[in-house]
Amino acid sequence: MLQQIASRITSLVKSQPHQKISANRETFRYLLDTANELASREPSALASLINAILRPLQSEHILSVAERVQHAACDPIDLYRLFSPDDFFSVFEENDCLRLDVEGHQLDLAKHIVMPTPWRRAGFVSALASIGYGKTSGQWRQDSNHGVTLLLPWHIGLVTGGNHSITAGILGHEGVLSPTDVLDFTPLLNRVVCDGDYFIDRYSNKPIARAKNGRMAALYEIGRLLMATAHTRMRV
């Protein structure tokens, strides 16, 4: 199954008429080559590649509050525009994503990618100075202020509340939290493919949205590999 998916994606990239391969598509192709190698040798290693792809974005959103003038931090990461700058994913979120029970799901702040956007410098400084092992507020712990949406099959989290204290947990490599929402993108992955530049509806074979960049395009398609490896494990 993994070989079939790799072949399908390669054919899709080659089939799109372009005079020149875009930078997005080149990044996309190399990352998917790496992902396919990992999937064939050790599927669990795909989690490490996901971390490598998203770590720069995570750092950018954490650091913006510290390196910019007051009140000029990044906007929070928008679920509906995570993969595309277009409106497509806001239209299909309800129809093509499954909302699952949160019970039994967890995110380890030292292991999984969780993406907060601290927005107030005083809150950022206070959280880093006081939260964590050996600090005045003690070890990191989840509280009612924390909101995180878990995205499957990538097992990554988008923070919707408690940005500053969750940032402290991430940077201190401590803390496990339960998500407040769980969205499974499997139905969307079954319907929509990405060629590195565009998302394409398999029903109509027409482009329906632009890819944000090569990394996020590759991340989307790595979700398909994760689905395949999970299916293979279930059959064993």
Side-chain angles (χ1 to χ4, degrees), residues 31 34-35 38-39 41-68 72-79 82-83 100 102-185 213 215-216 218-220 222-223 225-226 229-230:
L31 282 173
T34 302
L38 289 172
R41 294 181 60 177
E42 178 48 68
S44 66
L46 287 171
S48 297
L49 181 60
I50 290 170
N51 284 2
I53 290 171
L54 288 176
R55 195 74 76 189
L57 180 62
Q58 182 192 52
S59 295
E60 177 186 346
H61 276 259
I62 287 175
L63 267 180
S64 70
V65 72
E67 66 184 6
R68 300 183 184 183
C74 290
D75 291 330
I77 296 172
D78 187 343
L79 167 65
L82 180 62
F83 295 104
L100 305 182
V102 299
E103 188 174 351
H105 294 284
Q106 287 189 320
L107 286 156
D108 185 335
L109 297 181
K111 176 183 177 182
H112 299 120
I113 289 288
V114 176
M115 293 185 284
T117 305
W119 49 272
R120 188 168 58 90
R121 187 176 300 166
F124 177 77
V125 170
S126 176
L128 265 59
S130 62
I131 298 173
Y133 181 78
K135 297 178 183 177
T136 55
S137 295
Q139 290 181 297
W140 190 93
R141 60 186 180 275
Q142 186 169 8
D143 62 38
S144 59
N145 181 49
H146 294 149
V148 177
T149 299
L150 172 63
L151 307 183
L152 301 175
W154 304 275
H155 208 94
I156 59 178
L158 296 184
V159 176
T160 58
N163 285 277
H164 300 93
S165 53
I166 290 176
T167 296
I170 292 168
L171 297 180
H173 305 288
E174 63 177 85
V176 175
L177 59 78
S178 298
T180 49
D181 209 4
V182 179
L183 291 178
D184 184 353
F185 279 66
N213 55 52
R215 289 178 178 178
M216 298 310 293
L219 179 71
Y220 179 84
I222 288 170
L225 287 174
L226 292 168
T229 56

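For clarity, every value in this text was computed on a predicted model and none was experimentally measured.
Between Leu219 and Phe83, the shortest heavy-atom contact is CD2-CE2, 3.8 Å. Of all non-hydrogen atoms in Ala73 and Pro118, the two that sit nearest each other are CB-O, 3.7 Å. Here the closest non-hydrogen pair linking Thr229 and Pro43 is CG2-CB, 3.6 Å. Considering all non-hydrogen atoms of both residues, Arg215 and Leu31 come closest at CA-CD1, 3.9 Å. Between Trp154 and Tyr220, the shortest heavy-atom distance links the atoms CZ2-O, 3.7 Å. Contact detail for Leu82 and Met216: the closest heavy-atom pair is O-CE, 3.4 Å.
Counting only distance, with no hydrogens or angles, the side chain of Glu174 and the backbone of Gly132 share no donor-acceptor pair below 3.5 Å. Side-chain atoms of Lys135 come within 3.5 Å of backbone atoms of Leu128 as a donor-acceptor pair (strictly under, hydrogens ignored). The backbone N or O of Ser126 sits less than 3.5 Å from a side-chain atom of Ser130, completing a donor-acceptor pair.
Within 6.0 Å of atom CZ in Arg141, 12 or fewer heavy atoms from other residues, nucleotides or ligands are found, so the atom counts as exposed in its surroundings. Few gaps surround CD on Glu67; more than 12 heavy atoms of other groups in view lie less than 6.0 Å from it.
Atoms CZ and CH2, from Arg121 and Trp119 in turn, are 13.5 Å apart once rounded to the nearest 0.5 Å. Here Leu46 contributes atom CG and Ile222 contributes atom CD1; the two are 6.5 Å apart, rounded to the nearest 0.5 Å. Interatomic distance, OG1 of Thr149 versus CD1 of Ile156, reported as 11.0 Å (0.5 Å rounding). Separation of atoms OG (Ser48) and NZ (Lys111) is listed at 9.0 Å; rounding is to 0.5 Å. Atom CG in Leu177 sits 9.5 Å away from atom CG in Leu150 (nearest 0.5 Å). To the nearest 0.5 Å, atoms CZ (Arg55) and CD (Glu60) are separated by 15.0 Å.
Using cut-offs of 30° and 60° on the angle between ring planes, the pair His112 and His155 is tilted.
With Val159 as reference, Val148 is the one residue of Thr180, Thr117, Val148 to meet the side-chain contact (heavy atoms from CB on, under 4.5 Å) rule.
Taking the side chain as every heavy atom from C-beta outward, Ile62 and Phe124 approach each other to under 4.5 Å. With a 4.5 Å cut-off on side-chain heavy atoms, Asp181 and Thr160 do not count as touching.
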**Prompt:** Taking it one step at a time, do Val65 and Thr167 satisfy side-chain contact (heavy atoms from CB on, under 4.5 Å)?
**Reply:** CA-CA 11 Å; Val65 72; Thr167 296; over 6 Å; no
**Request:** Could you go through the side-chain contact (heavy atoms from CB on, under 4.5 Å) check for Leu151 and Leu79 one step at a time?
**Result:** CA-CA 9 Å; Leu151 307 183; Leu79 167 65; 3.6 Å; yes
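In the model, Ser165 has a side-chain atom that pairs as donor or acceptor with a side-chain atom of His146 under 3.5 Å.
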